[in-house]
Amino acid sequence: MTRAFYISFFVLILSTRSTAQEFNLGAVYGFNVIQKTTLDLPYYSPSNSYHTYIESSPGAGLINKTSPFNGLHVGGAVNFIYKRLGLYLEPQFYYQRSVITFQNPVEISRVFGKRGFRMPFYFTYKFFKKERSIYSILGLSLSKEKNWDFQDPGTGFYLGSDPIFDGNFDTGDDHFRDVLYNNQAYWNLVAGFGRKIGKVNASVRYVIPMSREKKGLSGDIWTLEMSFNFFFLSTREINKKHHLYAE
């Protein structure tokens, strides 16, 4: 049944190839190269904890953290190509995890994580006519995720008979809700460059949330990602096989 659906779908695409020169279906996978998190506040007292975070030095801000290789994403990929222009849709699942350490008034490390679904859709433009030409990327991505943050290494971890916490206390969970995250859906701006290498489209993308101020979040987060698209169904290949069969 599934095979019949794909065949019928591709026949429909082939019948409209005057509009879309090429249609491809495949998968995308990738990872975060770096993620930058900043929170420019001199101090912060979570509403659900007695603990107060204080910046390490005047003007430094509470958070100024660069986290390398802290996330993965995987999903499907669909693109429409017409001459040098392309339109990509990539429904994805993703996971991120990073650890941020605060020095004052005592040293405390917190684990920040998120998992969720996002839908990037973006346009590409090839700088040259060659098939493997470098292309630009510009578009948007809608994200819906579940966030968490807790004290590292977490409740219930012990060294001998003593909890592994500085000062032997646990400050609690979800301190930075509505400051760095709020579990609401939001839009991201996506921009970057890519190039086809063999059968894989490799790209570097800069991703930054949009309209964070309207949601009341005072922290800033941006990500530099590496993504790889592998397309295993293509109207170009079907057209080639059909042409050979017809002759």
Side-chain angles (χ1 to χ4, degrees), residues 2-33 35 71-96 116-145 185-212 221-243:
T2 303
R3 186 181 182 87
F5 171 78
Y6 282 128
I7 293 174
S8 300
F9 185 65
F10 265 73
V11 168
L12 176 62
I13 294 298
L14 285 171
S15 67
T16 60
R17 61 181 179 271
S18 60
T19 302
Q21 180 176 320
E22 183 180 345
F23 171 84
N24 300 285
L25 179 65
V28 60
Y29 56 93
F31 57 90
N32 292 356
V33 179
Q35 185 174 77
L72 300 170
H73 60 267
V74 61
V78 178
N79 75 357
F80 299 88
I81 302 296
Y82 182 73
K83 296 183 179 179
R84 295 190 188 184
L85 296 175
L87 171 62
Y88 287 68
L89 293 88
E90 298 174 352
Q92 303 173 4
F93 292 97
Y94 66 99
Y95 174 86
Q96 296 179 25
F117 172 82
R118 64 183 180 182
M119 173 64 82
F121 58 95
Y122 55 88
F123 291 94
T124 63
Y125 179 78
K126 290 183 178 180
F127 294 123
F128 306 101
K129 292 183 178 180
K130 295 181 179 180
E131 181 182 359
R132 304 186 189 282
S133 168
I134 296 176
Y135 57 84
S136 62
I137 294 172
L138 184 62
L140 299 172
S141 175
L142 179 63
S143 297
K144 183 66 175 72
E145 62 200 21
Y186 63 94
W187 290 96
N188 299 275
L189 174 67
V190 181
F193 297 93
R195 184 178 182 181
K196 189 172 184 180
I197 303 174
K199 294 184 178 181
V200 177
N201 285 10
S203 61
V204 177
R205 310 174 188 179
Y206 174 74
V207 182
I208 185 170
M210 302 174 63
S211 303
R212 297 189 70 90
I221 302 173
W222 60 261
T223 308
L224 190 65
E225 301 179 352
M226 189 77 185
S227 288
F228 302 91
N229 296 69
F230 177 74
F231 296 102
F232 47 81
L233 290 176
S234 173
T235 54
R236 175 182 292 187
E237 296 299 324
I238 293 177
N239 282 331
K240 286 182 180 179
K241 293 179 181 179
H242 176 75
H243 179 73

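Computation of the quantities below employed the complete heavy-atom set of this structure, encompassing side-chain atoms and omitting hydrogens, waters and symmetry-equivalent molecules. The model shown is predicted, which means the values in this text are computed figures rather than measured ones. All residue numbers refer to positions in the sequence shown, counting from 1.
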message = Tell me the closest heavy-atom pair linking Tyr94 and Ser143, and the distance in Å.
response = OH-CB, 3.8 Å

inquiry  = Ignoring hydrogens, what is the shortest heavy-atom contact between Leu142 and Ala185? Give both atom names and the distance.
reply    = CD1-CB, 4.5 Å

request  = Could you check whether the rings of Tyr135 and Tyr88 sit parallel, tilted or perpendicular, using 30° and 60° as the cut-offs?
outcome  = parallel

query = Could you state the interatomic distance from CG (Leu85) to OG1 (Thr124), rounded to the nearest 0.5 Å?
reply = 7.0 Å

ask   = Does the pair Phe230 and Val200 meet the rule for a side-chain contact (heavy atoms from CB on, under 4.5 Å), with working shown?
value = CA-CA 5 Å; Phe230 177 74; Val200 177; 4.1 Å; yes

message = As an exercise, state the distance from CD of Glu22 to CZ of Phe80, rounded to the nearest 0.5 Å.
response = 11.5 Å

Nearest-0.5 Å distance, CG of residue Asn32 to NE2 of residue His73 = 8.0 Å

inquiry  = Does atom CZ (Phe31) have a neighbourhood of more than 12 heavy atoms from anything else shown, all under 6.0 Å?
reply    = yes

message = Could you report the tightest heavy-atom contact between Gln35 and Thr223, atom names first, then the distance?
response = NE2-OG1, 3.0 Å

Which atom of Asn24 lies closest to which atom of Ile81, heavy atoms considered = ND2-CG1, 4.3 Å

query = Do side-chain atoms of Ser203 reach the backbone of Gly194 as a donor and acceptor pair under 3.5 angstrom?
reply = no

remark   = Taken to the nearest 0.5 Å, the spacing of Ile134 CD1 from Phe128 CZ works out to 7.5 Å

ask   = From Gln92 CD over to Arg118 CZ, what is the distance, rounded to the nearest 0.5 angstrom?
value = 4.5 Å

message = Using a 6.0 Å cut-off, check whether atom CZ of Phe127 has over 12 heavy atoms from anything other than its own residue.
response = yes

query = Do Leu87 and Val78 have side chains that get closer than 4.5 Å, going by heavy atoms?
reply = no

Over 12 foreign heavy atoms within 6.0 Å of NZ, Lys199 = no

message = Has Asn201 got a side-chain atom pairing as donor or acceptor with Asn229's backbone, closer than 3.5 angstrom?
response = no

message = Testing the basics here: between Ala191 and Leu138, what is the closest heavy-atom pair and its distance to 0.1 Å?
response = CB-CD1, 4.2 Å

request  = Quick one: list whatever passes side chain to side chain contact (heavy atoms under 4.5 Å, CB included) with Arg84, sequence neighbours left out.
outcome  = Tyr125, Lys126, Lys129

key: For the student: nearest non-hydrogen atoms of Ile221 and Pro209, plus distance   = O-CD, 2.9 Å

ask   = Could you give the distance from CE (Met226) to OH (Tyr29), rounded to the nearest 0.5 Å?
value = 10.0 Å

query = Is the count of non-hydrogen atoms from other residues, nucleotides or ligands lying under 6.0 Å from Phe232 atom CZ greater than 12?
reply = yes

request  = For the residue pair Phe121 and Leu89, establish whether any side-chain heavy-atom pair is separated by less than 4.5 Å.
outcome  = yes

